[in-house]
Amino acid sequence: MTTPLDIPVAEIAAGVRIGKLSALDIVSLALARVESLQPQLRAFISVDADRAMNLARKIDEQRAAGREIGALAGVPVAVKDNMCTTFGATTCGSKILAPFHAQEAAHVVDQLESAGAIVIGKTNLDEFAMGSSTENSAFFTTANPWDVSRVAGGSSGGSTAAVAARLIPGALGSDTGGSIREPASFCGIVGLKPTYGRVSRYGLVAYGSSLDQIGPIARTARDAALLLSVIAGHDPRDSTSANEPAPDYVAALDRPIRGLRIGVSEEYFGAGLNHEVQATVRAAIAAIESQGATVLPIHLPHMKYGIACYYLIATAEASSNLARFDGVHYGHRTPRPADIIDLYSSTRGEGFGAEVKRRIMLGTFALSSGYYDAYYLKALKVRTLIKSDFESAFRDVDVIASPVAPTIAFPIGEKSDDPLAMYLADIYTVSANLAGIPAISIPCGFDASGLPVGMQLMGNYFAEDRLLNIAHQYQQVTDWHNHMPALG
Amino acid sequence: MTVATKVRPIIGLEIHVQLRTRTKLFCGCEVQTDAPPNSRVCGICLGHPGTLPVMNRVALESAALAGMALGCEIARFTKWDRKSYYYPDLPKNYQISQYDIPLAAGGTFEFDVDGSPREIRIRRAHLEEDAGKNIHDTPGCTLVDLNRTGTPLLEIVTEPDLASADDTYAFCVELQRLVRHLGVSEADMQKGHMRFEPNVNVAIEHNGREYRTPIAEVKNINSFKFVRQAISYEIERQVAVWEENNDYVIGKASNENRGWDADRGVTEFQRGKEAAHDYRYFPDPDLLPVQLSDETLGSIRAQLVERPVQRRRRFASEYGLSMKDAETIVEHRPTADLFDEVIKLGGPAEIAGKQFVNVWLKHANDRGVAVTELGVEAARIAELAKMTAEGTVNKTAANQLADAMLTRSNCPSALAKELGLVQVQDADATARWVDEAFAANQQAVSDARTNPKKMQAAIGFLRGQVMKLSGGKADPKLVGKLIEERLQQP
């Protein structure tokens, strides 16, 4: 059965534009599907159905009146609940922000909606995007549409589950250490973390400011390209936003990939990598090779320090970024505090979950006088080394291929008591954030139990067009992205 | 108990100067701290999640200009750091500041104390955002006004080069003049635009040994007078404590923060420095490092004006002004600019200086405006001074002319003719007035000739009579000379 939700973003928009499809019908379908699958998946934290339908009606009216409608007109989308919206709350999956209503929408939300996309709701995440499974959400754990006893991955698990389950054709996630790519891999869809600075962070509630980046989540590379075209570009409100024009990502999809050099680093295929994942990713690399690309061995010697480096820098920044949640000005406030210190400590004690507290403590420690040089400063130096590893690799190759995560989606609860094991889920993804380079996760097969496996392609700075191009060409000769989870 | 015989105070300062910018340091909110509470705030200065700071370039350039005027080297590369501490008037619970690479460092600043020159080294000057205000005047709760949050502050740190409360006072006043002269701050003490934190200790010489008391930092003083009082108090207090206990020295007793209680005129212990805060500084990842090109630095340097201390010294040495008059004129940059213009247009320095202070500044003060707002241009001021110096008008007439110049735009020579204020240089006419006065005042003439006790008064009286007869137009010098001559004659 094909419903409009099964067709790509571009076709929905085209259908709405010519009047073949009604925005209201599509949005209603999406809302109904979200509602019926919410008990199984728990992908959404909030949905604003009335607003979505009103926006859809407006788009249909505009079209009927012959007025110009945007490139994504009528396409229902969702954003991770760490992106500010002026409707509903922006919770970050945390009790401390459960009552927080933002005054301004995130840049990306404005961009999507001014292109005519309709943000129907906010998706679940690990609290403040800290986690790899959405189990750290203060509200509920999102299930994997391929096996609801397993995690969707994280921290953008709500967005990836929603797209994989065809609740919506596209969504946005944020990626600080793999939070778009790992859940995209676990859910069998495409997820792109752009170059740091490619997409404005204005309105994204910060976790690790020097690592955070918003990116598109979709079933196909083409849809991801379309979404990226809408959200990428300079925003003067974000000083770290790149003042570089965004190319036409969709136009770049059809470029030939013959002769491209694909780097493969054995550091990404070492101990801890699941055999089936390894075999599947290697097969996918071979498939790209058979399309005319050349595979070359490369060496990324500092990749092994990535996790340690990441968990120092990200937590250090987080400890400072999350200091503002203190109950004084907005969000949760403890009832009847004894004094100002109690107001702070009880508010934060009640408001934050265990993983957030762990990371705040870790980061606070790393920045403390006497430890700064040994931890934070050392991590910055390692970060520079990781960056230069990539810079020298990209002198020889166009992209680097690797697994996204060492495993397929794991059972809910399996790692929730073992933070270190959970941190290792990010082992292949954190380096791209540390270096600031773009990286994409592409569905490239299934393991024996039918769970999706993803391949990661990392590119040079601002080479999103190349990553999407290869992903698209790969999707022309494979049909992994057309598999559909068996859900109600 | 030991009595300290030789005491040498060692004083340095941290000063916060609020820069005069239209908008805040990292957001577009208007800087207007006396607006209704929380009416000049936005998501950025309120630290709302998702918001991001964007640096105010004007604030950076003002700070660099001030740094240059303080004789500092300006960093070509600098950055922003977060300083973490929890306080309700700091919504992000970190302050964006500059830690290890200040915008400006290594300067020297000159000032005068009663006409004798002094120098103080400037360790650093950096830019940071101000916090809001906690208001404790409602019983049972604390109110927070965040209008001030994010206002650009220049923090200046000096070396401990000052040796007395008076020197420190003079330095603080001179610093206010400097930032006003540069136009980088209104430096209004009433509005808290300048806040001082003196660091004070004393070196005591006793039995051939030197003892140094622990350093007390007196927090957040917002008046020059209190700076002086707090330092004097600290010097006395530290000496007294040491006299009681010779172990009150650095290394054995800890440095401390103290607060100035203006009502009681004392400093009070706040906290010891051994429990120093760990501010966990680290580079702010939301802001790019700041690069200042030679071109940018050059264009900032072009705005550098003569520092008031140099200007005052120049007014004294070149124009022959008294230090007091020079100080008065240089207090306000447009006033000093106007005076320079007057001299440039040929105003004779000595008379022009006196007239400027005694006539023009007085009129301005009476009207509560700046001298530049009197509507009297430099050219007319210069001409009046020239006419006075050349004897075209006498002092009294000059004052009358000045009054007329305030309401009329004619040049003073035309006005003098019109009002009949031109001084009569005619010796014959003057001699006739002298004769007339002598004839009419025999007693005074006789006193002036023969009574030593009344001589001076009698001469003054006669001179007044002559001036009166001349209708104020006689040249007082000539009158004096003719009276002298006439008195010699039998």
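- Among A:Asn321, A:Leu97, A:Leu211, the residue with the largest count of heavy-atom pairs under 4.5 Å with chain B is A:Asn321.
- Of the atoms belonging to A:Ile341, not a single heavy atom falls under 4.5 Å from chain B.
- A salt bridge is absent between B:Lys133 and B:Asp145: the closest approach of a Lys/Arg side-chain nitrogen to an acidic carboxylate oxygen does not fall below 4.0 angstrom.
- Checked for salt-bridge contact, B:Glu197 and B:Arg195 miss the test: no charged N lies under 4.0 Å from a carboxylate O.
- Taking the six-membered ring for Trp and thresholds of 30 and 60 degrees, A:Tyr375 and A:Phe365 have ring planes inclined between 30 and 60 degrees apart.
- Neither the backbone nor the side chain of A:Asn82 comes within contact range of chain B; no heavy atoms are under 4.5 Å apart.
- Between chain B and the residues A:Ser369, A:Ala206, A:Ala366, the most heavy-atom pairs under 4.5 angstrom are made by A:Ser369.
- Ranked by heavy-atom pairs shorter than 4.5 Å toward chain B, the options A:His107, A:Glu104, A:Met83, A:Arg348 are led by A:Arg348.
- Heavy-atom pairs under 4.5 Å with chain B were tallied for A:Ser320, A:Ser209, A:Gly203; the largest tally goes to A:Ser320.
- Residue contact with chain B, scored on non-hydrogen atoms closer than 4.5 Å, involves the side chain of A:Tyr372 exclusively.
- At a threshold of 4.0 Å, the pair A:Arg201-A:Asp235 does not count as salt-bridged, since none of the basic side-chain nitrogens sits closer than that to a carboxylate oxygen.
- Summarising the geometry, atom CG belonging to A:Asn124 is positioned 8.0 Å from atom CZ belonging to A:Phe139; distances are rounded to the nearest 0.5 Å.
- Figure legend: B:Lys83 and B:Tyr279 shown as a cation-pi pair, the cationic atom lying under 6.0 angstrom from the six-membered ring centre and within 45 degrees of its axis.
- When the candidates B:Leu90, B:Leu288, B:Asp284, B:Asp286 are compared by the number of heavy-atom contacts under 4.5 Å with chain A, B:Asp286 comes out ahead.
- Note: A:Tyr344 leads A:Tyr371, A:Phe100, A:Tyr344 in heavy-atom pairs under 4.5 Å with chain B.
- Between B:Asp294 and B:Arg76 there is a salt bridge, with a side-chain nitrogen of the basic residue lying less than 4.0 Å from a carboxylate oxygen of the acidic one.
- The contact between A:Phe325 and chain B is made entirely by side chain atoms (from C-beta outward), counting heavy-atom distances below 4.5 Å.
- A:Thr91 and A:Asp81 share a side-chain donor-acceptor pair at under 3.5 Å.
- Both the backbone and the side chain of A:Thr364 have a heavy atom closer than 4.5 Å to some heavy atom of chain B.
- For the options A:Ser368, A:Cys84, A:Pro236, heavy-atom pairs under 4.5 Å to chain B are most numerous at A:Ser368.
- Here the shortest heavy-atom pairing between A:Ser179 and A:Ser174 reads CB-O, 3.1 Å.
- Contacts between B:Tyr94 and chain A at a heavy-atom distance below 4.5 Å involve the side chain alone, from C-beta outward.
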